[in-house]
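Data first, discussion second: the structure below is written as structure tokens.
Whatever order the structure lists them in is the order used to number ligands and atoms, beginning at 1.
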Amino acid sequence: MQDLTLYSGDPLTPGVGAVPGAKRLALKDAKTLLKIPVLPISYADAEPLLAALGGRVAPAAWRGGLPLTYHIGPGPAQVHMKVLSDWNQKPIYDVVAKIKGSDEPDRWIVRGNHHDGWVFGAMDPLAGQVALMAEAKSIGKLLKEGWRPRRTLVYSSWDGEEPGLLGSTEWAEQHAAELKVKAVMYVNSDTNGRGFLQAEGSHALQHFVSEVARDVKDPETGASVLTRALAHRRVSAYDSAGFGDSAARAGANGDLVLGALGSGSDYTPFLQHLGINSVNLGFEGESQYGVYHSAYDSFDHYRRFVDPTFEYGVALAKVAGRIMLRASQAQLIPVHESDFAASIAGYDEELHKLADGMRGKTRELAKLQDDESYKLTTNPDYPRSPPPRVADVPYLNFAELDNAVAKLEQSAKAFDQEYARLDAAGDTAGSTERERVNSSLTILEQNLTDSQGLPGREWYQHMIYAPGLHTGYGVKTLPGIREAIEERRWDEANQYIGVVSRALNNYSARMDRAIAAP
Ligand SMILES: [Zn+2]
């Protein structure tokens, strides 16, 4: 069991490529290797262990579905465990293919999908891998006919994703310096099946991804995959509890809102360690996912239940392939910065609400403790002590963040206007101006990173997106501030308001410089 929320990749080589001769930590110093042995087991093996536990009856939320009364221990039975671990080093194999760009060879559009699976891995990862291979074959054919991309295309097939994003992380760490100069975008896929287009990533890419999705037909309905994905989100929003405008929750300006990236696939080292604009793509939603990571994720199962005609593999190749080709061919690197600014403004608002909500709740709790409400409502059958007393929630230094967001919105608007002007002018516009915009866009996302990283996990350097420290793959946006508030570390919250504000101000200043009159 590895704690990926501290850093991904080889536990012994955080921050550097695990190549021969690399400096390696001692096993005992690897923070991502947890000290308690963990092994998933079947219910048949778990049943005698659970049945042997005494002590209090487990609270309702802790009980499982086995035909026994769940107790929480300790004892009385004792279990002797013999733990055998294989700590040997093993080689893993990434396959990386490059097609050099004709005009801008030092700008790379990077595509990746892992090729290792827990067992057969038909859906995870081979359904995505097959789409990636289909793109590479088609692009290879174009190349043979004399075509060349304007910017360099890099197609990568990663090894060792399942045991810890090993292949992608070690490659990204080994080539970090070069990637930070050259990588414009990273396009990831992984599992794939029948259903609706799912896309998450840097918010500046949402208009670009939506334009591509508009041009690809959904195999089952004949509608565009964009139309179908938006309809699916509207229906799900309506079906879920609560009121609100389901159209607004599904998309903005007819575009598919890109969810923020947490972790769980190979984009993590590119986006969250190096600060490279990333997007993750795949179709899902129409077949059950119960075979995930098991011996039942087989070709036979895939062909019978997941995507019998393989048409959604073709659809994924069409979406990801178009993203690769357009990102490499477009005169201007495709982005829409106002979408990024609007998303950040939304996150800022969430943080205000979070702090205000906690302040109100904390006061309410103090009142309940003072007027003895907990004592008066005690049920002797289920005795419960009141929640511990906590200090009042102070007012945080949000002005700095609010100002940075306001500046970001202004800069993004001006940038998008100039971008649209250059885009419409096409070849007649000055190539110097275009070059200035493209060279800024290549490294723009890196302004959102900070070399000190997040609290206690310096490897995670992106200040906008990270997997939550306690949420597994689940994302936390503006994580340095959000997690500090959630855990009532107010000094740290104020500190990271400063760090995030500086990152946003650098981002705005970089956009301003890209369009400033010479
Ligand atoms: Zn996978």
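Under the 30°/60° scheme for interplanar angles, the aromatic rings of Phe310 and Phe299 are found to lie parallel.
Taking the ring centroids of Tyr267 and His273, they lie at or beyond the 6.0 Å cut-off. Between Phe340 and Tyr507, the distance from one ring center to the other falls under 6.0 angstrom.
Ion pairing between Glu350 and Arg482 holds under the 4.0 Å rule for side-chain N and carboxylate O. Contact check on Glu458 versus Lys31 returns no salt bridge, with no Lys/Arg side-chain nitrogen under 4.0 Å from an Asp/Glu carboxylate oxygen.
Atoms of the protein (N, O or S only) found under 2.8 Å from the Zn ion (ligand 1) are His114 NE2, Asp124 OD1, Asp190 OD1, Asp190 OD2.
Under the salt bridge (charged side-chain N to carboxylate O under 4.0 Å, His left out) criterion, Lys182 pairs with Asp106, Glu178, not counting sequence neighbours.
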